[in-house]
Chemist: 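What follows is a structure written as structure tokens; I'll ask about it next.
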Amino acid sequence: MTTTKEKLVLVGNGMAGINTIEQILKLAPSRYDITVFGGEPYPNYNRIMLSYVLEGSKTLDDIILNGWSWYQENNITLHTGTNVTRIDTAAKVVMTDSGSTVPYDVLIIATGSNPIMLPIPGKDKEGVIGFRDIADCSIMLAASRQYKKAAVIGGGLLGLEAAKGLVNLGMEATVVHLMPELMERQLDPVASAMLKAELERQGLKFLMEKGTSELIGGERVEGLRFTDGTELEADLVVMAVGIRPNTAVVEGSGIEVNRGIVVDDYMRTSAPGVYAVGECNEHRGVCYGLVAPLFEQGQILAKHITGTATLPYEGSIMSTKLKISGVDVFSAGKFMDSPELTVIRKQDEWKNIYKKLMLQDGKIVGGVLFGDVMDSAAIQQWIRTGATMTEELYAEFMGTAAAGSQSPAERIAAMPNEEIVCGCNGVSKGAIISAIQDQGLTTIDEIKACTGAGRSCGGCIPTVGGILEYVLGDKYANTAVKTGICGCTTMSRDEIVAAIREKRLTTIREVMHVLEWKNTEGCSKCRPAINYYLGMAWPQEHEDEKDSRFVNERLNANIQKDGTYTVIPRMYGGVTTPEELRRIAEVAVKFDVKMVKVTGGQRLDLVGVKKEDLPDVWSALDMPSGYGYAKALRTVKTCVGSLYCRFGTQDSVNMGIQLERMFERLDMPAKLKMAVNGCPRNCAESCTKDIGFVGNDGGWEIYVGGNGGIKPRIADLLCKVKTDEELKEVTGAFLQYYRENAKYLERTSDWVERVGLQQIVTAVVEDEKSRRELNERITIALAQVKEPWSEVIADKEIREHVYGNLT
Ligand SMILES: Cc1cc2nc3c(=O)[nH]c(=O)nc-3n(C[C@H](O)[C@H](O)[C@H](O)COP(=O)(O)OP(=O)(O)OC[C@H]3O[C@@H](n4cnc5c(N)ncnc54)[C@H](O)[C@@H]3O)c2cc1C
Ligand SMILES: NC(=O)c1ccc[n+]([C@@H]2O[C@H](COP(=O)([O-])OP(=O)(O)OC[C@H]3O[C@@H](n4cnc5c(N)ncnc54)[C@H](O)[C@@H]3O)[C@@H](O)[C@H]2O)c1
Ligand code: SF4
Ligand code: FES
């Protein structure tokens with residue numbers, strides 16, 4: 001006897017719908033014959049990560065959650081690019097815009113939301129969009145290549161993430177906000193003001209309390225006109241003023257709709273066999289707009305329709321984190337002061353940290369964090385369990401207990417097993433530990449696949465990594481970068497470095513032999529990388545293998561397209577003297593230099609020197625190499641500072657010179673630039689440097705991870721220091737931590753993004769012992785460096801054989 005399976009149809013191939021199907025497959029893998037309709041032409045992807053795609057840190061491929069093969073493997077019939085247009089609840093069929101009619105026994109509607117588009121004149125012009133899907137993201141990416149000015153209407157979570165993405169893409173982005181405070185639905189005025197100041201520092205512009213009355217221009221938008229009569233130029237307008245449940249599919253079906261499709265505590269709509277899950281529904285009068293509640297709903301729906309016992313869904317407490325790097329903001333539950341609430345508050349203007357906890361009748365009902373969000377999981381747990389405030393919790397929150405001085409590892413150890421680590425997917429510390437232990441998991445990707453933790457906004461990944469490290473102890477290896485560094489090996493950077501240290505490998509040949517390289521000679525990708533890792537691991541013992549370096553580093557000059565070279569002597573801090581300038585001029589004339597160019601790093605570049613003349617040019621210049629060709633410290637750009645500038649509060653010139661002298665010549669994973677400014681006017685542009693220093697009345701701010709090149713990135717504030725000595729110590733620690741942990745050729749901008757700012761802050765700022773040890777190690781490495789040009793001048797054989805110099 002053959003039994004036909006019940007037919008389950010899902011309308012909406014998005015996050016809530018597919019999450020529900022995943023749960024159903026876990027509970028009853030073969031119960032339903034499943035058909036999925038999705039309006040977009042893609043498999044299920046992580047909509048949350050669109051902010052990162054726009055920002056440039058993720059690609060579209062990175063954000064696919066369930067690829068095409070997942071549907072096949074689970075026997076799911078998928079129709080992408082197909083919209084369901086009608087539901088006939090009497091005949092139990094759905095009809096699509098491609099003309100098909102498909103029967104169902106169980107129908108799940110998960111059509112999400114639509115962005116609200118302000119109903120103002122000009123809203124249909126080209127260049128006016130919402131930010132909801134891959135198509136919107138692609139339009140923004142394309143616009144950024146052609147246009148300069150963007151306006152984002154709405155200063156909520158979405159608007160801010162969109163504006164930051166556009167700034168990263170090189171656009172000038174202005175957020176036009178209706179209210180006096182940003183994110184007024186999640187933050188109180190204090191946190192809002194701190195957020196605005198930080199985002200301004202990162203390059204966003206704001207127009208507050210502005211109502212937009214019209215979008216102006218021709219076919220394409222050219223600007224905004226406001227209710228007060230003023231205008232703003234813009235070639236791209238993104239509306240991020242909220243969302244509205246997408247209920248179009250139930251029109252004419254008789255299914256009850258209010259703001260969203262009305263559901264009960266088991267996601268049942270008013271029609272038998274028809275359910276609605278996700279942003280499209282309305283439960284007890286609430287329409288949600290974050291994944292955590294939607295996944296909770298999906299879990300209950302999955303249990304309900306597979307006949308598994310389940311409690312009813314009673315609503316969710318919402319918590320949010322803004323996904324902008326370097327801006328840590330968290331909000332959960334109640335956040336505004338009001339007479340019935342007791343407020344515990346801590347504001348630290350020096351470290352730019354704000355923490356606030358809300359109590360009602362002694363119980364924790366809400367919290368806001370800015371600058372340090374380590375307590376976010378704990379706050380969610382306290383709210384969820386209705387925790388009563390105690391002396392211990394008070395001490396923990398205010399940082400007066402031991403907890404305040406705990407290292408990240410200690411914090412993880414102290415975390416209760418039932419604490420929810422991944423808010424999006426509701427995964428606790430205990431569940432992650434069980435998965436690691438019971439299933440032998442060793443990577444974050446495996447934990448993601450097995451428990452769901454980290455699969456959505458990604459905010460919990462550092463904690464998930466911490467738990468993995470805590471459980472595996474010595475066996476822990478950061479396997480997030482498991483792919484081989486090149487085709488010669490399957491080993492990742494971390495595995496190679498670990499093996500170099502553990503097995504005390506000291507030469508490139510030895511590394512390739514012991515680690516069983518497929519290609520015994522290596523290649524142009526792995527050889528320079530290993531040479532660097534060996535030098536980093538064994539600064540005193542390692543013999544630099546010059547043949548494995550790139551040509552510019554072998555020759556200590558930059559080759560140009562006509563085969564000549566450029567020569568850039570050091571000008572510490574961008575300062576020179578008449579004598580030096582005279583010598584440079586004489587050399588330029590004598591060696592028939594084609595051009596003398598002032599570089600972006602405040603130095604002089606002699607362009608068009610013949611290879612065989614290089615040693616003589618260096619000899620005549622009698623200046624050290626500026627390393628304009630090397631993976632090392634290139635320039636330290638300085639402003640005039642307190643020496644002469646009337647705004648200057650710190651001596652940026654001398655600090656720049658000192659830093660350049662301290663750290664020049666040391667091999668780094670990639671080229672490295674610094675800038676030192678005497679005051680926050682930032683004339684030497686610290687925000688686009690690997691390390692930037694900004695002086696103020698009380699000391700210095702240190703910024704890291706900036707980049708002004710192909711992929712611009714505004715630097716993150718690492719810390720503030722009061723003295724010059726502290727500045728040098730933090731810089732030494734940062735440089736060594738970067739040297740020890742980055743992949744070869746990885747700029748600080750990518751590295752900071754990859755490992756997360758907090759890990760770096762802990763290692764080089766907060767943990768004194770680590771900072772001291774890093775400085776000890778960089779001092780040993782610095783003691784080995786040599787001036788390359790004088791070495792060549794002194795060695796006749798090198799001059800002849802490498803440069804063809806016969807003088
Ligand atoms: C840029 C961005 C960043 C975000 N960041 C976060 C975050 O950090 N944290 C967080 O919790 N939430 C975040 N969100 C919100 C989160 O993405 C949503 O809450 C979640 O995606 C909603 O899931 P859903 O399945 O209800 O809707 P969606 O994911 O929108 O899926 C609905 C799908 O249904 C399809 N559809 C609609 N109508 C039909 C039809 N008639 N026929 C067939 N298919 C149809 C749509 O094309 C869409 O693909 C963000 C959202 C955006 C846009
Ligand atoms: N990190 C995250 O958790 C995250 C990120 C992006 C999006 N989301 C979600 O996506 C959804 C959409 O986000 P959103 O920011 O559009 O919604 P929102 O409702 O959270 O914010 C909209 C903002 O626009 C402002 N606004 C309204 N009308 C305006 C007008 N005419 N002019 C200027 N400003 C106006 C509002 O004051 C409000 O601050 C939300 O559900 C949000 O939670 C979450
Ligand atoms: S950054 Fe400040 S101190 Fe330096 S030159 Fe500019 S205004 Fe003067
Ligand atoms: S908290 Fe969002 S993925 Fe874990």
Side-chain angles (χ1 to χ4, degrees), residues 10-20 36-40 42 44-54 79-86 94 96-97 109-115 130-134 136-137 157-158 161-162 165 240 243 245-250 276-281 288-295 297-298 318-323 376-377 420-427 448 452-461 463-464 638-653 676-686 694-695:
L10 170 69
V11 186
N13 189 24
M15 296 190 74
I18 294 299
N19 184 272
T20 308
V36 176
F37 291 97
E40 294 181 72
Y42 309 100
N44 175 42
Y45 67 88
N46 189 340
R47 196 170 302 285
I48 298 177
M49 292 286 162
L50 286 178
S51 301
Y52 292 134
V53 173
L54 188 66
H79 301 277
T80 53
T82 310
N83 277 299
V84 171
T85 46
R86 259 198 70 202
V94 299
T96 72
D97 56 5
I109 304 169
T111 46
S113 295
N114 290 321
F131 182 19
R132 182 71 196 176
D133 53 27
I134 290 182
D136 297 328
C137 211
L157 289 156
L158 186 66
E161 289 181 12
I243 49 175
N246 179 1
T247 59
V249 72
V250 299
V277 67
E279 283 187 352
C280 64
N281 79 16
Y288 292 95
L290 294 166
V291 292
L294 313 183
F295 291 172
Q297 293 180 353
M318 277 187 278
S319 63
T320 45
K321 267 190 197 168
L322 186 67
K323 303 193 300 297
S376 56
I420 299 290
V421 170
C422 176
C424 290
N425 296 283
V427 189
K448 268 192 198 171
R455 245 183 121 205
S456 307
C457 73
C460 57
I461 285 178
T463 315
V464 173
T638 66
C639 76
V640 178
S642 62
L643 279 183
Y644 294 101
C645 175
R646 64 203 163 91
F647 299 112
T649 51
Q650 295 290 344
D651 182 354
S652 44
V653 170
V676 191
N677 289 279
C679 86
R681 284 174 183 77
N682 209 356
C683 296
E685 298 152 345
S686 285
V694 177

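Every number for a ligand or one of its atoms is a count from 1 in the order of the listing.
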Chemist: Any atom of ligand 3 sitting under 4.0 Å from a heavy atom of Gly641?
Modeler: yes
Chemist: Given Met49, Arg132, Glu279, Met15, identify the one with the heavy atom nearest to atom 18 (C) of ligand 1.
Modeler: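 The nearest heavy atom belongs to Glu279.
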Chemist: Just need the protein heavy atom nearest to atom 41 (N) of ligand 1, so name the residue and atom and give the distance.
Modeler: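 Of every protein heavy atom, Val84 O, 3.0 Å lies nearest to atom 41 (N) of ligand 1.
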Chemist: Where is the nearest protein heavy atom to atom 52 (C) of ligand 1: which residue, which atom, and how far?
Modeler: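 Going by distance alone, atom 52 (C) of ligand 1 is nearest to Leu158 CD1, 3.9 Å.
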Chemist: Looking at Val11, which atoms of ligand 1 are within less than 4.0 Å of one of its heavy atoms?
Modeler: 40 (C), 42 (N), 43 (C)
Chemist: Taking only heavy atoms of Cys424 into account, list the atoms of ligand 4 that are under 4.0 Å away from them.
Modeler: 1 (S), 2 (Fe), 3 (S)
Chemist: In terms of residue, atom name and distance, what is the protein heavy atom nearest to atom 27 (O) of ligand 1?
Modeler: Gly112 CA, 3.2 Å
Chemist: Atoms of ligand 1 less than 4.0 Å from Gly278 heavy atoms?
Modeler: 26 (O)
Chemist: Nearest 0.5 Å, what's the CZ-CG distance between Arg132 and Asn114?
Modeler: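 Rounded to the nearest 0.5 Å, the CZ-CG separation comes to 8.0 Å.
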Chemist: Applying a heavy-atom cut-off of 4.0 Å, say which part of Tyr288 lies close to ligand 1: side chain, backbone, both or neither.
Modeler: neither
Chemist: Determine whether the side chain, the backbone, both or neither of Lys321 has a heavy atom under 4.0 Å from any heavy atom of ligand 1.
Modeler: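 Neither; nothing of Lys321 gets under 4.0 Å from ligand 1.
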Chemist: Taking non-hydrogen atoms only, is Thr649 closer than 4.0 angstrom to ligand 3 via side chain, backbone, both or neither?
Modeler: neither
Chemist: Among Arg47, Gln297, Glu161, which residue places a heavy atom closest to atom 29 (O) of ligand 1?
Modeler: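 Selected option, by shortest heavy-atom distance: Arg47.
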Chemist: Quick one: which ligand 4 atoms are inside 4.0 Å of a heavy atom on Ser456?
Modeler: 3 (S)
Chemist: Within ligand 1, which atoms have a heavy atom of Asn246 less than 4.0 Å away?
Modeler: 37 (C), 38 (N)
Chemist: Out of curiosity, Thr111 OG1 to Phe37 CZ, how far, rounded to the nearest 0.5 Å?
Modeler: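 Rounded to the nearest 0.5 Å, the OG1-CZ separation comes to 14.0 Å.
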Chemist: Which residue holds the protein heavy atom closest to atom 22 (C) of ligand 1, what is that atom called, and what is the gap in Å?
Modeler: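 Minimum-distance protein heavy atom for atom 22 (C) of ligand 1 reads Leu294 CD1, 3.4 Å.
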Chemist: For Val291 and ligand 1, does the shortest N/O to N/O distance drop below 3.5 Å?
Modeler: yes
Chemist: Given side chains that start at C-beta, do those of Asp651 and Ser642 come closer than 4.5 Å, heavy atoms only?
Modeler: yes
Chemist: Is there a heavy atom in Gly38 that sits closer than 4.0 Å to ligand 1?
Modeler: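 Flag set, Gly38 near ligand 1.
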Chemist: Can you check whether Val277 has an N/O within less than 3.5 Å of an N/O in ligand 1?
Modeler: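 Among all N and O atoms of Val277, none is under 3.5 Å from an N or O of ligand 1.
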Chemist: Check each atom of ligand 1 against the heavy atoms of Ala16 and keep those under 4.0 Å away; list them by number with element.
Modeler: 23 (O), 24 (P), 25 (O), 26 (O)
Chemist: Report, in ascending order of atom number, the atoms of ligand 4 lying under 4.0 Å from any heavy atom of Gly454.
Modeler: 3 (S), 4 (Fe)
Chemist: Using a 4.0 Å heavy-atom cut-off, which part of Thr320 comes near ligand 1: side chain, backbone, both, or neither?
Modeler: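 Under 4.0 Å from ligand 1, Thr320 contributes no heavy atoms.
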Chemist: Which of the numbered atoms in ligand 4 are below 4.0 angstrom from a heavy atom of Gly458?
Modeler: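 Near Gly458, meaning under 4.0 Å from one of its heavy atoms, ligand 4 has 2 (Fe), 3 (S).
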Chemist: Within the stated cut-off of 2.8 Å, is an N/O/S atom of Cys639 closer than that to atom 4 (Fe) of ligand 3?
Modeler: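 Within the cut-off used here (under 2.8 Å), Cys639 does place an N, O or S atom near atom 4 (Fe) of ligand 3.
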Chemist: Measure across Glu279 and Tyr288 and return the closest heavy-atom pair with its distance rounded to 0.1 Å.
Modeler: CG-O, 3.2 Å
Chemist: How far is atom 10 (C) of ligand 1 from the closest protein heavy atom, and which atom is that?
Modeler: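 Of every protein heavy atom, Leu290 CD2, 3.5 Å lies nearest to atom 10 (C) of ligand 1.
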Chemist: Identify, for atom 3 (S) of ligand 3, the protein heavy atom at the shortest distance, and state residue, atom and that distance.
Modeler: Gly648 CA, 3.3 Å
Chemist: Show your reasoning for whether side-chain hydrogen bond (donor to acceptor under 3.5 Å, both in side chains) applies to Tyr45 and Glu40.
Modeler: CA-CA 10 Å; Tyr45 67 88; Glu40 294 181 72; 2.5 Å; yes
Chemist: To the nearest 0.5 angstrom, please state how far the CD1 atom of Ile243 sits from the CG atom of Leu158.
Modeler: 8.5 Å
Chemist: Using a 4.0 Å cutoff against the non-hydrogen atoms of Gly12, which atoms of ligand 1 qualify?
Modeler: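 So the answer, numbered in order with elements, is 34 (O), 35 (C), 44 (N).
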Chemist: Could you check atom 13 (C) of ligand 1 against the protein and tell me its nearest heavy-atom contact, residue, atom and distance included?
Modeler: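 Result for atom 13 (C) of ligand 1: Ile48 CG1, 3.5 Å.
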Chemist: Among protein heavy atoms, which sits nearest to atom 2 (Fe) of ligand 3, and what does the distance come to when rounded to 0.1 Å?
Modeler: Cys679 SG, 2.3 Å
Chemist: Atom 8 (O) of ligand 1: which protein heavy atom is closest, and how many Å away?
Modeler: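 Checking every protein heavy atom, the shortest distance to atom 8 (O) of ligand 1 gives Lys323 NZ, 2.7 Å.
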Chemist: List ligand 1 atoms under 4.0 Å from Gly289, heavy atoms only on the residue side.
Modeler: 15 (C), 19 (O)
Chemist: When you draw lines from atom 4 (Fe) of ligand 4 to SG of Cys460 and to SG of Cys422, what angle lies between them, to the nearest 10°?
Modeler: 110°
Chemist: Side-chain contact test, heavy atoms from C-beta onward, threshold under 4.5 Å: evaluate it for Ser376 versus Lys321 and give yes or no.
Modeler: yes
Chemist: I'd like to know whether ligand 1 has Thr82 as a neighbour, heavy-atom separation below 4.0 Å.
Modeler: yes
Chemist: Can you pull out the closest protein heavy atom to atom 6 (Fe) of ligand 3? Residue, atom name and distance to 0.1 Å, please.
Modeler: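 Of the protein heavy atoms, Cys683 SG, 2.3 Å lies nearest.
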Chemist: Which protein heavy atom lies closest to atom 8 (Fe) of ligand 3, and at what distance to 0.1 Å?
Modeler: Cys645 SG, 2.3 Å
Chemist: With a 4.0 Å cut-off on heavy atoms, is Gly423 touching ligand 4?
Modeler: yes
Chemist: Atom 40 (C) of ligand 1: which protein heavy atom is closest, and how many Å away?
Modeler: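 That would be Asn83 OD1, 3.2 Å.
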Chemist: Just jot down the ligand 1 atoms closer than 4.0 angstrom to any heavy atom of Ser51, in number order.
Modeler: 1 (C), 3 (C)
Chemist: Using atom types as modelled and distance alone, determine if a side-chain donor or acceptor of Asn46 lies under 3.5 Å from a backbone N or O of Ser456.
Modeler: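 Such a contact is found between Asn46 side chain and Ser456 backbone.
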Chemist: List ligand 1 atoms under 4.0 Å from Glu40, heavy atoms only on the residue side.
Modeler: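 Atoms satisfying the 4.0 Å criterion: 47 (O), 48 (C), 49 (O).
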Chemist: Can you list the atoms of ligand 3 that are under 4.0 Å from a heavy atom of Phe647?
Modeler: 7 (S)
